[in-house]
**Student:** 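Pasting a structure here, questions to come.
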Amino acid sequence: MNVNIKNLNLSVIMPAITKSGQPVCNDRVSSEKDKVEHASGLYLIYEDGHAEPFTGDNSKDCVRYIGLKHGYMSFAISLTEHDSVQLLDDDSREESGSGTYYERECDALFDIDGRGNTERLVARNPKLRNLLEDGEYIPSLGQLNLMAHHMDELNKAFAYVSASPLSSAWYWSSTEYSQLGAWYVGFSNGITTINYKYSSGRVRAVAAFTFKL
């Protein structure tokens, strides 16, 4: 599911006139609108694709994802997760072609291609597709690290809509270290490290969440 913000309610923070009673010029209105629509923070994303900033006074009905926007990155986070997930298992296929590997943590943390990473993982282990709704993928290390950083705020939003909170467990990213290893993050302490893909970890799926003027 590719979620677009199309019609945020901007009226309460975009006055049509100045304090002196003069109309606000169009350029100023456009500038203020851009700042609001692209503001970093959390969003509630509804079944119909409509999204709005999370304030604690939102409607709780029909929420499908929690959106996270931080700087240039934005993505939607599933309300549920899976535990005891192996990125590779005994039924996995042999690797074909060249993979995209990150052997240094400083490089892996800049990986944001969760969708492409997941496609390569699913090609070897088709069972992973059963964990994902249409349009969902396993977050890259860059995305997962951002989720860990905002864990407390995200859990407030998840609790607000009665969804599964992020736990203090280890979560898989889709960023690969090697043919047999991948990066993952401990949400209890924020530690980033690698593990064998045959090991078990948790997966919290994400989806595209783009801003459209």
**Student:** Assess whether side-chain contact (heavy atoms from CB on, under 4.5 Å) is satisfied between Ile66 and Ile45, documenting all intermediate values.
**Tutor:** CA-CA 6 Å; Ile66 302 299; Ile45 305 171; over 6 Å; no
**Student:** Is it the case that one hydrophobic cluster holds both Leu180 and Leu121, taking links as side-chain heavy atoms less than 4.5 Å apart, direct or via other members?
**Tutor:** no
**Student:** Ignoring hydrogens, what is the shortest heavy-atom contact between Ser174 and Asn117? Give both atom names and the distance.
**Tutor:** O-CB, 3.1 Å
**Student:** Are any of the side-chain heavy atoms of Leu144 and Val206 separated by less than 4.5 Å?
**Tutor:**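 A side-chain contact under 4.5 Å is absent here.
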**Student:** Any chance you could measure Phe158, atom CZ, to Leu166, atom CG, to the nearest 0.5 Å?
**Tutor:** 5.0 Å
**Student:** Could you grab the distance from atom CZ of Arg124 to atom CD of Glu119, nearest 0.5 Å is fine?
**Tutor:**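 Reported to 0.5 Å precision, the distance equals 16.0 Å.
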**Student:** Any sub-3.5 Å donor-acceptor pair from Asp111's side-chain atoms to Ala108's backbone N or O?
**Tutor:** no
**Student:** Applying side-chain contact (heavy atoms from CB on, under 4.5 Å), run through His149 and Leu68 and close with a yes or a no.
**Tutor:** CA-CA 11 Å; His149 179 72; Leu68 174 59; over 6 Å; no
**Student:** Just how far is it from atom CD of Gln143 to atom CG of Asn145, taken to the nearest 0.5 Å?
**Tutor:** 11.0 Å
**Student:** Given the rule that I, L, V, M, F, W and Y join up when any side-chain heavy atoms are under 4.5 Å apart, are Val85 and Tyr171 in one cluster?
**Tutor:** no
**Student:** Mind checking whether Ile112 and Phe75 have side chains closer than 4.5 Å, heavy atoms only?
**Tutor:**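 No - every pair of side-chain heavy atoms lies 4.5 Å or more apart.
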**Student:** A side-chain contact here means heavy atoms from C-beta on lying under 4.5 Å apart; do Tyr43 and Ser74 qualify?
**Tutor:** no
**Student:** Do other residues, nucleotides or ligands put more than 12 heavy atoms under 6.0 Å from Tyr198 OH?
**Tutor:** yes
**Student:** Find out whether Thr118 and Leu128 are in side-chain contact, i.e. whether some heavy atom of one side chain is under 4.5 Å from a heavy atom of the other.
**Tutor:** no
**Student:** Taking side chain as C-beta onward, heavy atoms only, is Leu87 less than 4.5 Å from Asn125?
**Tutor:** no
**Student:** Which heavy-atom pair separates Ser200 from Gln86 by the least distance, and what is that distance?
**Tutor:**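 Minimum heavy-atom separation between Ser200 and Gln86: OG-CG, 4.0 Å.
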**Student:** Mind checking the CG-CD1 spacing from Leu132 to Ile138? Nearest 0.5 Å is all I need.
**Tutor:**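 With rounding to 0.5 Å, CG (Leu132) is 5.5 Å from CD1 (Ile138).
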**Student:** Looking only at side-chain N and O atoms, does Tyr65 offer a donor or acceptor that is under 3.5 Å from a partner on Glu133?
**Tutor:**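 No.
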**Student:** Measuring from atom CG of Asp89 to atom NZ of Lys127, what distance do you get when rounded to the nearest 0.5 angstrom?
**Tutor:** 4.0 Å
**Student:** How many angstroms lie between atom NE2 of His50 and atom SG of Cys62, to the nearest 0.5 angstrom?
**Tutor:**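 It comes to 11.5 Å.
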**Student:** Would the number of heavy atoms belonging to other residues, nucleotides or ligands and lying under 6.0 Å from OH of Tyr101 be above 12?
**Tutor:** yes
**Student:** Is there a chain of hydrophobic side chains (I, L, V, M, F, W, Y, each step under 4.5 Å between heavy atoms) that links Tyr102 to Phe110?
**Tutor:** no
**Student:** Using ring pair (Phe, Tyr, Trp, His ring centres under 6.0 Å) as the criterion, list what pairs up with Tyr184, not counting sequence neighbours.
**Tutor:**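 Partners of Tyr184 under the ring pair (Phe, Tyr, Trp, His ring centres under 6.0 Å) test: Trp170, Trp172.
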**Student:** Please tell me if the side chains of Phe187 and Met147 come closer than 4.5 Å, counting only heavy atoms from C-beta onward.
**Tutor:** yes
**Student:** His70: which residues meet the ring pair (Phe, Tyr, Trp, His ring centres under 6.0 Å) condition with it, sequence neighbours left out?
**Tutor:**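 Checked His70 against ring pair (Phe, Tyr, Trp, His ring centres under 6.0 Å); matches are His150.
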**Student:** May I ask you to test the Val185-Ile191 pair for a side-chain heavy-atom distance under 4.5 Å?
**Tutor:** no
**Student:** Of all heavy-atom pairs between Phe209 and Ala51, which one has the smallest distance, and what is that distance?
**Tutor:** CE1-CB, 4.2 Å
**Student:** Where do Ser40 and Gly71 come nearest, in terms of heavy atoms and distance?
**Tutor:**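 Nearest pair, atom of Ser40 first, then Gly71: OG-N, 3.1 Å.
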**Student:** Do the side chains of Leu146 and Trp183 join up, straight or via other hydrophobic residues, at under 4.5 Å, putting them in one cluster?
**Tutor:** yes
**Student:** Using a 3.5 Å distance criterion without hydrogens, assess whether the side chain of Arg93 forms a donor-acceptor pair with backbone atoms of Pro126.
**Tutor:** no
**Student:** What's the verdict on side-chain contact (heavy atoms from CB on, under 4.5 Å) for Tyr137 and Val122, showing C-alpha distance, side-chain angles and the deciding distance?
**Tutor:** CA-CA 10 Å; Tyr137 55 91; Val122 170; over 6 Å; no
**Student:** Taking only residues at least two apart or on different chains, which pairs with a member in residues 180-205 satisfy salt bridge (Lys or Arg N to Asp or Glu O under 4.0 Å)?
**Tutor:** Glu81-Arg202, Glu81-Arg204, Asp83-Arg202, Glu176-Lys197
**Student:** So, do Tyr46 and Asn58 sit near enough that their side-chain heavy atoms are less than 4.5 Å apart?
**Tutor:**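 Sidechains of Asn58 and Tyr46: in contact.
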**Student:** If you look at every heavy atom in Ser173 and Ser140, which pair is closest and at what distance?
**Tutor:**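 Where Ser173 meets Ser140 most closely, the heavy atoms are CB-C, 3.8 Å.
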